[in-house]
Amino acid sequence: LYFFGNQAVGAYGLEMGKVFARQAEVAVRNYLLLENLAATVGLAWNLSRFQNVIQAVASGRNLEEVLKEVAHNVLYILDADCVTLYQFFEGEHRFEDPPVMEGYFLDKGRMHTPTRHDDILWKMIQQPQPRFISEVVGDAVLDGAGAGAHPLRSHFIEREKIKSCAALVLKAGDPGHETVGCMFVNYRSPTQFSAEDKKVISALASSAAIAIHTARLNDQVNRALDVRLKRQVGSLQALIEIVARSRDTQWDLDTNLRMLLAGVTAGQGVGLSRALLFLAFGNRLRGKMAIGAIDQTEANGIWQGIDSNPSVDFATVLDEVSKLSADIKNGVKDSPLSLAVQRIVVPLEDGAGALARCVLSHRSVLVAEDQDDPFRKALRQAILDPDPVPGNPEPAFTFVCVPLIGMGEKGGQPIGVLMCDNRFLKTEKRIDSECIWDLQTFAAVAAMSIENDKLRKDLGMARILVVSDDPDRLTDRKS
């Protein structure tokens with residue numbers, strides 16, 4: 001306490017001074033307490049908003065909704081004026097326009113201008129380190145000042161009156177991983193970025209990158225599941241149509257089996273290129289029939305026919321198969337591949353290859369193109385192809401063998417093999433576990449058709465025997 005004149009400070013005055021000092025101390029303590037409390041509340045609020053970002057990323061919602069949520073939270077956590085978030089497709093080397101935008105924009109309509117290859121975004125991709133710029137005017141990247149700079153590069157900063165900016169490239173994972181976008185946090189008043197600010201902004205940018213990457217992965221999975229579901233539904237629909245037709249007594253076993261092979265090769269069914277059927281007779285497998293091309297020339301003709309009439313439905317395919325069966329009964333030659341298959345006999349013994357192993361093990365067998373198997377040579381010889389040039393291997397192709405498991409008197413015994421491959425296919429198709437599952441379903445129906453046909457013949461023979469023992473019934477039958 002200072003006095004302008006001589007002033008005696010008595011005991012009372014001293015006590016009053018102490019009281020005022022204590023009041024000042026309380027005031028200072030209260031101020032510091034309120035300041036700390038405000039900082040704690042602000043931190044808690046920011047953590048709450050950050051938790052919202054994390055929840056949005058993990059929600060599995062539509063990507064656009066997630067990115068808007070991320071940009072919205074970035075805007076309020078960092079107290080920015082506006083936020084722009086761009087998606088980048090590295091494989092296609094392009095940005096998606098317009099960006100996700102949150103905050104107040106002086107001229108939002110101009111943000112829909114397509115991205116140019118000399119824009120700020122492309123320079124950011126080339127120089128991907130985070131940029132925290134307190135004064136954007138004159139910045140080499142954001143302002144683009146200097147000779148040769150494109151005038152569009154500085155338009156956003158001038159148009160929106162931006163003073164400070166945090167600009168980050170969004171990478172899914174480590175720095176060397178896929179670039180998925182760019183994020184700009186913009187301020188219209190000069191802003192200094194503290195070390196804590198930089199950590200928060202970087203964390204939010206990582207969340208945005210994770211959101212984009214996760215959503216894209218989900219989209220890929222959903223598309224793959226959609227394709228898989230469509231394929232399975234198509235196979236089942238084809239099989240249902242075949243089974244419905246097979247109940248018609250006008251179709252014999254050969255026609256039913258050909259329709260099943262058509263379901264395996266048709267695009268509306270399993271969609272493989274060739275299907276070969278072998279039936280067991282004692283200790284051997286004998287070729288029964290086949291659908292598909294015998295060589296590349298025939299395959300080209302088939303594909304040209306499909307291309308010229310792509311709208312052919314599966315019912316029409318089955319009609320053609322039925323007509324083929326009728327023609328073969330009337331003396332028309334079967335297809336070249338089918339005739340070749342009928343010349344093949346495979347012994348059911350160890351070492352006889354995949355077809356024999358399929359029967360002996362009661363399991364499907366997949367033979368990759370880099371695996372040797374005697375069936376390839378047997379098929380080439382049946383086709384009457386010339387021997388390969390000395391030193392050259394047999395033509396390699398992947399194929400799968402699926403057993404036809406009977407359920408008759410010796411239930412659970414293989415009665416044949418369905419062999420399929422993708423030779424001469426116009427568009428390569430991998431034989432995977434889902435494809436084999438479809439083939440096993442078709443093989444089960446084929447086995448059922450064979451056993452039902454045998455049962456009908458046995459019942460017919462039994463009726464003949466019964467009638468032959470009863471002269472009256474025989475007379476009635478003749479009449």
Taking side-chain hydrogen bond (donor to acceptor under 3.5 Å, both in side chains) as the test, write out the residues that go with [X], two or more places apart.
| X | answer |
| --- | --- |
| Q268 | none |
| D319 | R245 |
| Q440 | S364 |

State the [atom1]-[atom2] distance between [X] and [Y], to the nearest 0.5 angstrom.
| X | Y | atom1 | atom2 | value |
| --- | --- | --- | --- | --- |
| L85 | E96 | CG | CD | 11.0 Å |
| R363 | I405 | CZ | CD1 | 11.0 Å |
| Y86 | I125 | OH | CD1 | 12.0 Å |
| E65 | L67 | CD | CG | 10.5 Å |
| C358 | L366 | SG | CG | 11.5 Å |
| L272 | F399 | CG | CZ | 13.5 Å |

Do [X] and [Y] make a side-chain contact, defined as non-hydrogen atoms from C-beta onward lying under 4.5 Å apart?
| X | Y | value |
| --- | --- | --- |
| F314 | V317 | yes |
| S449 | L260 | yes |
| D313 | T316 | yes |
| C82 | I162 | yes |

Between T179 and K171, is any side-chain donor less than 3.5 angstrom from a side-chain acceptor? yes
Would you kindly say whether S194 and D197 are connected by a side-chain donor-acceptor distance under 3.5 Å? yes
Go through the structure and list residues passing ring-ring contact (aromatic ring centres under 6.0 Å, His included) with Y187, not counting sequence neighbours. F193
Is a donor on one side and an acceptor on the other found under 3.5 Å between the side chain of S202 and the backbone of K199? no
Quick check: does any side chain N or O of S335 sit under 3.5 Å from a backbone N or O of I291, one acting as donor and the other as acceptor? no
Are W122 and F88 close enough that their ring centers fall under 6.0 Å? yes
Would a line drawn from the ring center of Y76 to the ring center of H72 be shorter than 6.0 Å? yes
Can you tell which of [options] makes a side chain to side chain contact (heavy atoms under 4.5 Å, CB included) with [X]?
| X | options | answer |
| --- | --- | --- |
| T441 | V270, L239, I436, V402 | L239 |
| I294 | V341, L379, I383 | I383 |
| L418 | L276, L261, V400, L257 | L261 |

Taking NZ, NE, NH1 and NH2 as the nitrogens, is one of them in R188 or E160 under 4.0 Å from a carboxylate oxygen of the other? yes
Please enumerate all residues that pass side chain to side chain contact (heavy atoms under 4.5 Å, CB included) together with D432, with sequence neighbours excluded. R231, R430, E434, C435
Kindly write out the residues that satisfy salt bridge (Lys or Arg N to Asp or Glu O under 4.0 Å) with D370, not counting sequence neighbours, or none if the list is empty. none
Stacked cation flag R376 on F397, 6.0 angstrom / 45 deg: yes
Is it true that atom CD of Q192 has more than 12 heavy atoms of other residues, nucleotides or ligands lying nearer than 6.0 Å? no
